[in-house]
Amino acid sequence: MLTPRTQRIKDALFARPRRISLERALLYRESYLETEGEPVVMRRALAFRRVLERHRIVIDGDDLLVGNRTEEPRSGVVSPEMSPYWILDELDEFPVRPQDTFDVSEEDKRTYREVLYPFWAGRSLNDWYVAHRPDEVGAAEKDRVFAVAQTDKGQGHIIADIGEVLDRGLGALLAEVEEHRDAAPENDFLRAGALCVRAVIDYVRRYERIVREASEGRPVADPNAFVAPASTPGRARELARMADVLAHVATEPCRDLYDALQLAWLLCVALQHESNASSISLGRMDQYLLPYYRASVEAGAAEGEMRELLQCFYLKTNTVVFVRSTDSARFFAGFPTGYNLVVGGVDAEGRDAANELSLLLLDLQRDTRLPQPNLSVRLHAGSPDALLRKAAEVIRLGDGLPQCFNDEVNVESFTLRGVTLADARDYAVVGCVELSIPGRMYGLHDICMFNMVRCMELAMRSHPEGFEDFEALVREVEATIDHYVSLMVRGCNVCDEAHRATSPTPLLSVLVHDSLERGADITSGGARYNPSGVQGVGTANLADSLYVVKRAIFEEGALTWAQLLEMLERDWQGAGDEVWRQRFINRYEKYGNDVDEVDRIGRRVLTHYGEEVARYENARGGRFQPGSYTVSAHIPLGAAVGATPDGRRAGEQLADGGLSPMVGRDKSGPTASLLSVSKLENVLDTNGSLLNVKFSPSTLEGEAGLARLVAYLRAFCRLKIQHIQFNVVDRATLLDAQAHPENHRDLVVRVAGYSAMFVELAKAIQDDIINRTEHELS
């Protein structure tokens, strides 16, 4: 459970309304006014340094770890250098929009309109993208098959090599970067990288000075800092210890858990100040923190003291939320920050790597009961029972955490894409479910969502005369997919080039292997591995719809092609249409029920999409890789599609998750769903896939329920499915939370590849979670 200190910290996170913060934007502009004519990478580095030097630091009376992104926790930081336009359009809407609301002061609105917007209009990343995007890509986006993402945000969905910095220290990192810089003095990236690392060292020392002054009862000299006064001798001693930790980790390797957690968090904060991007994830913390945890144990640190420090770290990850446009918030509802933390899995030699810290990091979710960090557990055939049992215990708390990843397929997936076996065995997760290699990969993992169901709709409408046979229909759907994939790739590559031209990230880059040796920012191909990830959405709806057409039209002759198109065009509103709709829903088998004929259709279409995507090279010399997850995009992507032969009405949501069955159609139990997903070519989805399962809490009660869930996870491993996650909450609780949110402020649920506070979700997403099939395990 939380200590009194950490309970106060948690309560403070939600004590005030979320606000928009302009601080970073104003400091960024201030620096850019002074650096006109400098190379872009240097301008970015200098602006980053300005933010670290001058943003307001706040340390309250309970903090044991320092490092804040904004003056108030859970404030939304805007980045007009990425795109100033949507922010201007939504200034008055932030407090009242349907999802992810923020307060904005009238003074800040005025400042944005009169100062920030005029400066960035015409020179942002989005402007570069729009200016260079081919006309045919823009036209294709209007067809609502795909929309290129990352055109208004910085570089995220990546894992820096935090562990190496903890081991070597910032001083050694700076020396290495400066050595490369001195060997190539004309290289602007290396100059910028050295400047950034030195800025981080100075940033840590800035915190140390502030904390030291407060610990000694002196006035804090920094005009942009606030430290709650040390009201007791005990608090003065805490501050003095914090100052000593900061003084050490400014340049030296970490000694114990306190050092490691403090430096790791300050690196996270610094990377947020640089990019203001989601899903700069934490990687395999049970691996790189383990030496420091054991050092603390050996030095006699009390178990409660270490647990409280880890609680503080977990709570810090919840201080960061992201402000997205109204449209983007529909795709990523509930402020997903993407601090993905992975435990378990195998080591470089393929041996089980779970340890005592793996279990503790999982167990901490019992204490915090918050959406961040986004806990993930890697499982494999040899995972110890203790790890599976602990994961199952935490899963049945009902927070949707941890989500589970399967080494039995994911390691193979990466080796098939050219990743070395040792690197593949070190994979972790960024953001939601995107697979990545810590400290070695820049994957643009979330650059596009591709609506395969819309491709089917366009293929059907383009042939009012019908098709000779079912095979001809499927080939036309595949050809439509091919056409739009080629256009999507062109748009994604322009976005990639826009990041290189306008928004390099030198600090992040020096924390990714091979960038220093190549002398190149990650946006220019500096990372060891450089894929681009795009998500194919709608497997379940495609399988169900095509199967209905196959049976009803081509095999049974129950109706004509023209009759089907007319019903779909009427959205099932004509005389007798509802009878047909119910027949299509209930008479014909559906994906997710272990029916080979339906599942094979899903396998064929998803495999075709994945193989087509992987044919293309991206702008950094890597290749495109497919994934299958939706975040919360199954709601807006469904809004882009008319009625479909599976009985779906126009505008209704698509299947959630990515590989999950359509809501309410998986009638044969949770094992049947696993078997359906296992028939897909899961090994192709290198960018990650997502399977949602919802269990009744009663089915997991007691030792018997726990044993059932452990056995289910073992089956998941054997079937070589990449990912699975769970909601363990009953429908009655969710309905009551929807009707009486004031009574359920702490209710955390799984949305897609992330968890969120249920009461902070829009009604459409709440309804989707409520309506997912609630399974029993036997």
Side-chain angles (χ1 to χ4, degrees), residues 156-164 166 260-261 264 267-268 278-290 292-293 310 313-314 317 336-348 350-365 368 371-380 382-384 387-388 390-391 394-395 399-411 413-414 419 422-441 443 445 627 629 686-690 713 716-717 722-726 750 753-755:
H157 288 86
I158 192 168
I159 305 168
D161 198 337
I162 297 173
E164 182 171 354
L166 305 187
L261 290 174
L267 286 171
C268 289
S278 69
S279 306
I280 300 176
S281 294
L282 298 168
R284 303 181 71 185
M285 287 197 83
D286 65 334
Q287 305 302 305
Y288 64 77
L289 285 184
L290 183 63
Y292 309 108
Y293 175 78
L310 287 163
F313 186 91
Y314 274 35
T317 66
T337 307
Y339 276 121
N340 206 300
L341 188 162
V342 179
V343 302
V346 298
D347 63 15
R351 300 169 302 198
D352 178 68
N355 55 63
E356 65 270 29
L357 189 55
S358 312
L359 304 181
L360 176 55
L361 292 173
L362 287 174
D363 199 57
L364 281 165
Q365 182 63 27
T368 59
Q372 299 296 328
N374 191 5
L375 283 176
S376 300
V377 58
R378 281 178 46 180
L379 302 175
H380 58 95
S383 289
L387 182 71
L388 272 82
K390 179 61 66 177
V394 179
I395 286 166
D399 298 337
L401 297 164
Q403 57 184 335
C404 304
F405 292 84
N406 190 352
D407 289 6
E408 300 298 322
V409 62
N410 292 333
V411 172
S413 293
F414 273 124
V419 174
D423 284 350
R425 285 171 169 163
D426 194 39
Y427 82 89
V429 188
V430 293
C432 297
V433 300
E434 301 94 309
L435 307 178
S436 191
I437 309 298
R440 295 164 179 82
M441 179 175 285
H445 293 283
Y629 66 86
T686 334
N687 204 56
S689 60
L690 194 157
L713 292 175
F716 155 76
C717 283
Q722 285 189 326
H723 164 277
I724 194 168
Q725 63 183 30
F726 304 93
R750 201 70 180 169
Y754 62 93
S755 291

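Values in this document were obtained by computation on a predicted structure and should not be read as measured data.
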Can Phe726 and Leu713 be said to form a side-chain contact (heavy atoms from CB on, under 4.5 Å), step by step? CA-CA 11 Å; Phe726 304 93; Leu713 292 175; 3.9 Å; yes
Decide yes or no on side-chain contact (heavy atoms from CB on, under 4.5 Å) for Cys717 and His380, but give the supporting numbers first. CA-CA 6 Å; Cys717 283; His380 58 95; 5.5 Å; no
Would Leu282 and Phe313 satisfy side-chain contact (heavy atoms from CB on, under 4.5 Å), going step by step from the backbone distance to the final call? CA-CA 11 Å; Leu282 298 168; Phe313 186 91; 3.9 Å; yes
Show, in sequence, the C-alpha distance, side-chain angles and deciding distance for Glu356 and Leu290, and conclude whether the side-chain contact (heavy atoms from CB on, under 4.5 Å) test is met. CA-CA 8 Å; Glu356 65 270 29; Leu290 183 63; 3.9 Å; yes
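Atom CZ of residue Arg425 and atom CZ of residue Arg378 lie 10.0 Å apart, to the nearest 0.5 angstrom. The line from CG of Leu310 to CG of Leu364 is 5.5 Å long, rounded to the nearest 0.5 Å. The CG atom of Asp407 lies 4.0 Å from the OH atom of Tyr427; values are rounded to the nearest 0.5 Å. Here the OG1-CG distance, from Thr337 to Asn374, works out to 9.5 Å after rounding to the nearest 0.5 Å. Taken from OG1 in Thr368 to CG in Leu375, the straight-line distance is 7.5 Å, to the nearest 0.5 Å. Put simply, CD1 on Ile437 and CG on Asp161 are 12.5 Å apart, with the number rounded to the nearest 0.5 Å.
Scanning all heavy atoms of the two residues, the minimum distance from Leu435 to His445 falls at O-CE1, 3.0 Å. Nearest heavy-atom pair across Asn355 and Leu357 is OD1-N, 2.8 Å. Tyr629 approaches Glu434 most closely through the heavy-atom pair OH-OE2, 2.8 Å. Across Tyr288 and Gly283, no two heavy atoms sit closer than the pair CE2-C, 4.4 Å. Closest approach of Pro373 and Thr317 over heavy atoms only: N-OG1, 3.3 Å. The two residues Leu388 and Ser383 make their nearest non-hydrogen contact at CD1-CB, 3.4 Å.
Residues Val429 and His723 form no side-chain contact, since every pair of their non-hydrogen atoms from C-beta on lies 4.5 Å or further apart. Side-chain contact between Phe405 and Val433 is present, with at least one heavy-atom pair separated by less than 4.5 Å. Looking only at side-chain heavy atoms (C-beta outward), Asn406 and Ile724 stay at 4.5 Å or farther from each other. Put simply, the side chain of Val343 does not reach to within 4.5 Å of the side chain of Pro402, judged on heavy atoms.
Using modelled atom types and a 3.5 Å distance limit, the side chains of Asn340 and Ser281 yield no donor-acceptor pair.
Side-chain atoms of Gln365 do not come within 3.5 Å of backbone N or O of Leu401 as any donor-acceptor pair. Using a distance-only test at 3.5 Å, with no hydrogens or angles considered, a donor-acceptor pair links the side chain of Asp286 to the main chain of Gly344. A distance-only check finds no donor-acceptor pair linking the side chain of Tyr339 to the backbone of Tyr314 [under 3.5 Å].
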